[in-house]
Amino acid sequence: MKKAVFPGSFDPLTLGHTDIIDRALPLFDEIILAIGTNSSKKYMFTLEDRLHFLKETYKNEPKVKVETYKGLTVDFCKSQDAGFILRGLRNGQDLEFEKAIGQTNYKMSGIESVFLISSSGKAHISSTVVRDVMHHGGNYEFMVPDVVRKK
Ligand code: ADP
């Protein structure tokens, strides 16, 4: 069984994330959307809200599971018996960052990272931009799924 973990903060879930998840579904038997919790990091949305965004968006997709985890992503993958880490690449900056993490994770665990490049027109979307636009009262609706729009 091909199982992948898609780790992230999802603060909030965006159409950039769903683009990667939806396109990865045919590649895996199961995708675990995993919210990494880091007590020293400040989030805009509560863990409960972020879980709700993921669960509600994928409630009709049997291949998707939603979990939270603390600690190293590779340790979480092992606990779930997942052989792959899924990540999205928006630009060269993401590539450089993800390359170092992917190589380190592989050295530590033998777990492969699988990268999908953003679909055309989705690379500008990030949770940081969405939070900034929300904070200043701008229109963010075209960057997020329904469940985040309703919040
Ligand atoms: P993290 O804090 O771990 O980067 P995020 O929730 O910001 O968590 O992102 C999770 C994953 O989703 C990362 O691999 C990130 O590159 C990817 N991602 C986010 N936005 C996009 C996008 N617009 N296109 C492709 N991948 C994206």
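Computed from a predicted model, the values in this text were never measured in an experiment. Atoms within each ligand, like the ligands themselves, are counted from 1 in listed order. Just so it is clear, the values below take in all heavy atoms, side chains as well, and ignore hydrogens, waters and symmetry mates.
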Nitrogen or oxygen atoms of [X] and ligand 1 under 3.5 Å apart:
X      : result
Ile125 : yes
Gly8   : no
Phe6   : no

For atom 2 (O) of ligand 1, what is the closest protein heavy atom, and at what distance to 0.1 Å?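 Answer for atom 2 (O) of ligand 1: Ser9 OG, 3.1 Å.
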Of all the non-hydrogen atoms in the protein, which one sits nearest to atom 9 (O) of ligand 1, and at what distance?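 For atom 9 (O) of ligand 1, the nearest protein heavy atom is His17 NE2, 3.3 Å.
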Parallel, tilted or perpendicular, judged at 30° and 60°: which one describes the rings of Phe142 and His124?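 Parallel, since the angle between the ring planes stays under 30°.
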Counting heavy atoms only, name the option from Lys122, Arg90, His124, Arg87 that's nearest to atom 1 (P) of ligand 1.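 Answer by nearest heavy atom: Arg87.
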So, do Lys70 and Ser39 sit near enough that their side-chain heavy atoms are less than 4.5 Å apart?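 The answer is no; the side chains never approach within 4.5 Å.
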Taking the six-membered ring for Trp, are Phe84 and Phe28 closer than 6.0 Å centroid to centroid?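 Ring centroids of Phe84 and Phe28 are less than 6.0 Å from each other.
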So is Ser126 in contact with ligand 1, going by heavy-atom distances below 4.0 Å?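 It does not, in that no heavy atom of Ser126 comes within the 4.0 Å cut-off of ligand 1.
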Does Asp19 come within less than 4.0 Å of ligand 1, judged by its heavy atoms?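 Contact check Asp19 vs ligand 1: negative.
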Check this for me, if you would: do Asp81 and Lys3 make a salt bridge, where the nitrogen-to-carboxylate-oxygen distance has to be below 4.0 angstrom?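 Lys3 and Asp81: not salt-bridged.
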